[in-house]
Amino acid sequence: MARIVMKFGGTSVADLERIANAAARVKREVEAGAQVAVVVSAMAGVTNQLVGYVDQTSRIYDAREYDAIVASGEQVTAGLMALRLQEMGVAARSWLGWQIPIRTNEVHGKARIEEIGTEALVPRLETGEVAIVAGFQGVSPRGRIATLGRGGSDTTAVALAAALEAERCDIYTDVDGVYTTDPRIVAKARKLERISHEEMLEMASLGAKVLQTRSVELAMNHGVRLQVLSSFEDKPGTLVVDEDEIVEQQIVSGIAYSRDEAKVTLVKVADKPGVAASVFGPLSDAAVNVDMIVQSVSSDGKRTDMTFTVAKSDLERAVATLEKNRDGIEYEDLISDADVVKISVIGVGMRSHAGVAQTMFRTLAEKGINIQVISTSEIKISTLVAEEYTELALRALHTAYGLDAA
Ligand code: ASP
Ligand code: MG
């Protein structure tokens, strides 16, 4: 018998009517003969409200209490969904993280799942009872409630699908799938029928908000087949699957962008061993994540410029750290710029095709867009450009890589 996991995000359980709509979808799967585990988020907006309560009560809070508070939204939707199903004549019960148990590590607020016990759950599923699992939460080694980071219900769903060896994991949301790029910016963006785990991982970590990055990583490592689909329409969504399941592989599958970038340039730093360490050591101690890095050659063999990017929210801290360490690093000037955007072209087909980067560079050049920083990986090319060109660059690249909808 098919066993599936269905996950409903906050907008899909935003009120009682939507919970009933989601329950009807669950009922359909049960009637089709599947064993179903459902993972629910809190009603849209509820987690934000709970986080707000914490912030208003305590500025530097006890993360264990933060977790006790913010995990409560999911408890409500799990209970409501179970009740609604019972009203529809479907056997169902709610499960909290500790009841399953979903065991996590001790990193409150951003815990990782270490193990899911399925001994209690499986026999109930086998009798045909639907399990409604509160997403986003687990139990720490000390028996406290631990949450998995914002958006963590996706990770609950994927981890549960892996533990239950489910046939698939359907992620119901308010968009109908994964697009080649942001459809709000590029009207010709296309919904992808399939995308590989690896590409989805890049898309998610580069800012496509459909899935929590960690959930994609888990799905990739455990070979979980994901489907991202709308809970408001009856049509297939996007399948996130193993690369070999994709027959007609596009060279480029998608274009992502992130406005959460800022650029820092150290002018005329010494060109000698140990300089990079003197710059990035203090930054890493200050918990500033550095992303792209370029260093130019020095014409005189003594001094060079070094440019790198950090998250916008880290810029102030990065600049303060570098100013504090000015004597140790020895640079002439520090220039920062928060009006930048990182645009990334993603596709596993890049591994076997040349010229993908060149298409990006030529396209941007034709539009008169200056590239400030470039970085590449096996399946991705990223460029940093001025933020004002975001729309122009995305549209031009989307056309250049043949991604436009007919
Ligand atoms: N309710 C949690 C959040 O808003 C978890 C989730 O919805 O995935 O972050
Ligand atoms: Mg989400």
Side-chain angles (χ1 to χ4, degrees), residues 5-15 18-19 22 37-55 61 63-81 94-98 100 102 104 107-113 116 132-140 145-162 169-179 182 184 200-201 203-219 224 226-232 237-238 240 256:
V5 171
M6 304 171 79
K7 184 255 169 179
F8 293 95
T11 49
S12 302
V13 292
D15 54 37
R18 288 190 181 176
I19 290 177
V38 176
V39 173
V40 288
S41 286
M43 291 172 161
V46 166
T47 310
N48 284 344
Q49 188 183 32
L50 295 169
V51 171
Y53 290 157
V54 174
D55 288 340
Y61 51 74
R64 293 162 298 192
E65 301 308 344
Y66 166 94
D67 278 352
I69 296 157
V70 304
S72 65
E74 274 73 9
Q75 177 168 343
V76 175
T77 36
L80 285 171
M81 176 77 86
S94 63
W95 296 79
L96 298 180
W98 62 270
I100 293 182
I102 296 176
T104 69
V107 187
H108 283 276
K110 226 176 173 16
R112 278 180 168 246
I113 296 176
I116 297 184
I132 315 292
V133 177
F136 183 47
Q137 58 169 270
V139 58
S140 79
I145 296 173
T147 63
L148 309 177
R150 297 305 305 271
S153 295
D154 293 335
T155 297
T156 306
V158 173
L160 195 63
C169 180
D170 288 341
I171 308 275
Y172 287 92
T173 177
D174 51 1
V175 293
D176 61 358
V178 180
Y179 278 72
D182 189 342
R184 288 167 304 183
M200 191 63 228
L201 186 60
M203 298 274 261
S205 52
L206 289 165
K209 296 257 173 329
V210 249
L211 291 171
Q212 197 198 32
T213 305
R214 175 79 189 122
S215 73
V216 186
E217 206 174 38
L218 260 185
V224 174
L226 288 176
Q227 182 177 199
V228 176
L229 70 175
S230 163
S231 61
F232 306 121
T238 299
V240 186

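All ligand and atom numbering here is 1-based and tracks the order in the structure.
A donor-acceptor pair under 3.5 Å is formed between the side chain of Thr155 and the backbone N or O of Ser215. Looking only at distances, a side-chain donor or acceptor of Gln137 sits under 3.5 Å from a matching main-chain atom of Gly97. At least one donor-acceptor pair under 3.5 Å links the side chain of Gln212 to the backbone N or O of Arg150.
Around the CD atom of Glu65, the shell of radius 6.0 Å holds more than 12 heavy atoms that belong to other residues, nucleotides or ligands.
The shortest N/O to N/O separation between Glu74 and ligand 1 falls below 3.5 Å. For a threshold of 3.5 Å applied to N or O pairs, the pair formed by Gly149 and ligand 1 contains no separation below that value.
One finds the CD1 atom of Ile145 at 11.0 Å from the CZ atom of Phe136 (value rounded to the nearest 0.5 Å). Distance check, rounded to the nearest 0.5 Å: CG of Asp174 to CZ of Arg18 gives 8.0 Å.
Within ligand 1, counting atoms from 1 as listed, the ones closer than 4.0 Å to a heavy atom of Arg150 are 3 (C), 4 (O), 9 (O). Each of the following atoms of ligand 1 lies closer than 4.0 Å to a heavy atom of Ser41: 6 (C), 7 (O), 8 (O).
Here the protein heavy atom with the shortest distance to atom 6 (C) of ligand 1 is Ser153 OG, 3.3 Å.
Residue contacts with ligand 1 include Gly152, since one of its heavy atoms falls under 4.0 Å from the ligand. Not a single heavy atom of Gly9 sits less than 4.0 Å from an atom of ligand 1.
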